[in-house]
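Down below is the structure, laid out as structure tokens.
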Amino acid sequence: MDFLKELNEIQLEAVKQIEGPVMIMAGPGSGKTRVLTYRIAYMMECGIDPFRILALTFTNKAAAEMRHRIQEIIGLEAKNLWMGTFHSIFARILRYDGDKLGYPSNFTIYDVQDAKSLLKQIIKEEGLNDKLYKPNTVYFRISSAKNSLLSPAAYQADTNLVSDDESSGRPKIGYLYEKYAKRCFQAGAMDFDDLLLKMYELLDKHPEVLYKYQNKFQFLMVDEFQDTNYAQYEIIKKLAAIHENIGVVGDDAQSIYAFRGATIENILSFQKEYPDTKVLKLEQNYRSTEHIVNAANEIIQNNKSQLAKTIWTDKGEGEKIQVFKCMTDSDEGRAVADNIHEQKLRYHYKNNDIAILYRTNAQSRSFEESLRKHNIPYKVYGGMSFYQRKEIKDIIGYFRLTVNHADEEALRRVINYPTRGIGKTTVEKAMVIANQQEKTLWQVLANIGMYNFNSRQKTLINQFVIMVKSFATMLETQNAYDVAFHIGKSTGLLRELHGDKSIEGLARFENIQELLNGIKEFSERDVVEEEGEETQDQDRSLGAYLQDISLLTNQDDDDNENDSVKLMTVHAAKGLEFACVYVVGMEDQLFPSMMSMNSREDLEEERRLFYVAVTRAKEKLTLAFALSRYRFGQLQYCEPSRFLKEIDQNRLEVKGNVTKPRSEILGGGLKRKSGGLLKKKPDYEHHISEDFTADDPQNVQVGMEVEHNRFGVGKVQSLEGVGQNKIATVHFDAAGQKKIMLKFAKLMILRNNNMDD
DNA sequence: ATAAGTCATTTTTTT
DNA sequence: AATGACTTAT
């Protein structure tokens, strides 16, 4: 076992201690992934059947990477490991044994959007005040309940929860939970939290199933243990009960998912649950230089709740941490892009070595713009993922409905898109009937003749039902791609998108093409297996494809072949490392987020987040903040983040690259489906400088906010005044003449001749 | 029934 | 900046 030579003493111990309960506390950069990988490889070298090893990771990508590395050491056998995220592994098990809870094997997985849309529907049906009962709030309450393994009945019996709801004026949340759970069940659907809750119920109520998996999984391993919630922990405990060979790996200082129910309590209760737990601490950091490591320690020590641990490095002092002080967010973008450019020239970094990390996805824009100007390739992770785009969700809605007719959210989404004359009122009416008779919406539509609808509606609905049924028939004989393509064509979806010749319409059409290509690849993927060995996923049906994609995460689509600067949230950066890291938007209210400054716990989680951000850097760390920033269209003044003050100031090198304020320009027109249709969002080049003179005002086209939420495009007629206070008279086609103060108007010059820049 | 216009609300991170 | 609810025109 040559591969073990690369490990230090503690790492080796962690690898070899495969029996009994083990807890590995692994600081950032301590070689955690290597230990996990080698530990599994070691097990297999010891002759343990990979089918009997269950390794739960945080992202699919982490699992795939580990599997790949183990495969390099051990060989193809690694394919048979049970390795994946909690959600994907449990989904697989539930597909197998979920029938015992009354779920079909092709159950749909509702994403957050589906779940909230269903809740909204229920709130409406119940006639509750939607100002009080917001889908977000209700969803959060239900999600927390599920993560605590509380059924609707248990929720309503819990005096604490009930009195919480009553005092917040929302006494019906428990009832809504009950309704929601029922509707999901009827629709043959589980939301993300159900994958945990139902897994627990399955093990809890069906001893034979529990016994089967307890025996099957002889060795259990959990990565990112600090980010597991109560439900996950309880499931692990159940599964490990017979063999008690359970290894957990984590770092309490990197726990950043409390908002999702993760609790560090699990780390403490683990040692209580298994008193003979072997605890190993990996404290040497192999990643970063001293300034970075020490800064991280200085930051985290401000947290009261933490386990004592100090990471250290022998990589040498390294460079000081740069701090960029900027005026506005676009200055920040420019400063970072300039610096990236300079660093690349001077130190020969590749784009792949560089990452820009921020607190919220919305912050990416100014960096995208400045990087584009520098011609630096970049990739934005997260935000709206591919599968959440409207056009993708639309076509997938058809797939879902085809595979599972009961899927109410999918049905409601596609029933009148493309428009086929089945409007809102008709659907509402059918919904009322469905609810009264405790049937699914589909059952009502499929038997529409039994109900009181006018003949036009009956015909249209019948046509729709017949169409979907024909898709379902195809499923049995055709592969995923053929069915998908047929659906796209015969629903008119492809035609609809193809007809839209705007820039965005084209992009949408391309997205659909990309999706179809993905499905094609999926349906042809390893159909032939080596040695006839039974693999875990042979199913190449459309249903299998849906299961495959429903649990993909933002981090999973990796794009390493392209050399590009990576832009992502700090959350998404967990587990990654870069030579050169820019943590941007370091302002109070943003990082720490204004939403997370209500309690000490909140603030400490934000601090751990900052800790995670800082420790991603190997050699160079830059922190940037802007003194003014737009929020809801208003310029706001910002204080530098309180976290900056927690670092020893001798480590910092402040570069106060503050420029004078410029007139701030916002890009973009509006695009809307309903309400002020402006589908096209042109690519504006928006430089408006103080010396804007417009020698020939007639030819300067100007876009400005004409009225609230409406942009107009017009030509400048005349220009008076000097400096920032110029007044332009602009002729708009629609709005006639208007005078605008350049200083205040959100104004942009359109360059029509090179819009495709 | 649908498309388009008006008005109000909004506030993070993600499996 | 971008949604959703509501209104109005076709």
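Proteins come first, then strands; the chains are lettered A, B, ... in the order of their sequence lines, and each starts at number 1. All heavy atoms count here, side chains included; hydrogens, waters and symmetry mates do not.
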Give one of base, sugar-phosphate or nothing for A/Thr360, where a contact means two heavy atoms less than 4.0 Å apart. sugar-phosphate

Interatomic distance where NZ belongs to A/Lys390 and P belongs to C/dG4 [whole Å]: 11 Å

Give a yes/no verdict on a cation-pi contact between A/Lys390 and A/Tyr417, requiring under 6.0 Å between NZ or CZ and the six-membered ring centre and an angle within 45° of the axis. yes

By side-chain contact (heavy atoms from CB on, under 4.5 Å) - contacts of A/Arg170 (at least two apart): A/Leu132, A/Tyr133, A/Thr137, A/Ser168, A/Ile173

Of the options B/dA3, B/dT15, C/dG4, whose atoms approach the side-chain atoms of A/Lys120 most closely? C/dG4

Closest to side chain of A/Thr419, choosing from B/dT15, B/dT2, B/dT11: B/dT2

Testing B/dT11, B/dT2, B/dT14 for proximity to the side chain of A/His571, the answer is B/dT14

Which whole-number value in Å describes the distance from A/Phe259 CZ to B/dT12 P? 11 Å

Walking DNA chain B from its 5' end, the first of A/Asn136 and A/Tyr139 to be reached, judged by nearest nucleotide, is A/Asn136

Rounded to whole Å, how long is the line connecting atom CG of A/Asp329 with atom P of C/dA1? 11 Å

Looking at B/dT14, I'd like to know if its phosphate oxygens (OP1 or OP2) sit under 4.0 Å from a side-chain N or O belonging to A/Asn361. yes

For a quick test of reading the model: is some side-chain N or O of A/Asn416 closer than 4.0 Å to OP1 or OP2 of B/dT2? yes

Can you tell me if A/Ser305 and A/Glu604 form a side-chain donor-acceptor pair at under 3.5 Å? yes

A/Phe140 CZ to B/dT12 P, in whole Å, measures 13 Å

Pi-cation contact, A/Tyr103 with A/Lys198 (under 6.0 Å, within 45°): no

Calculate the interatomic distance between A/Leu551 atom CG and B/dT14 atom P; express it in whole Å. 16 Å

Regarding A/Val570, tell me which of base, sugar-phosphate or nothing describes its non-hydrogen contacts under 4.0 Å with the strands shown. nothing

Below the 4.0 Å mark, does B/dA1 have OP1 or OP2 next to a side-chain nitrogen or oxygen of A/Thr426? yes

Can you tell me how far P of B/dT12 sits from CD of A/Glu605, to the nearest Å? 15 Å

Here the distance between atom P of C/dA5 and atom CD1 of A/Ile123, to the nearest Å, is 11 Å

Given B/dA1, is OP1 or OP2 found less than 4.0 Å from the side-chain N or O atoms of A/Thr425? yes

A/Tyr257 over B/dT14, stacked by centroid distance under 5.5 Å, angle under 30°: no

Would you say C/dT3 has OP1 or OP2 under 4.0 Å from some side-chain N or O of A/Lys134? no

Does A/Thr569 put a side-chain nitrogen or oxygen below 4.0 Å from OP1 or OP2 of B/dT14? yes

Is a salt bridge present between A/Asp114 and A/Arg413, judged by a nitrogen-to-oxygen distance below 4.0 Å? no

Before we go on, tell me: are the rings of A/Phe58 and A/Tyr257 under 6.0 Å apart, centre to centre? yes

In whole angstrom, give the distance that lies between atom NZ of A/Lys146 and atom P of B/dT15. 18 Å

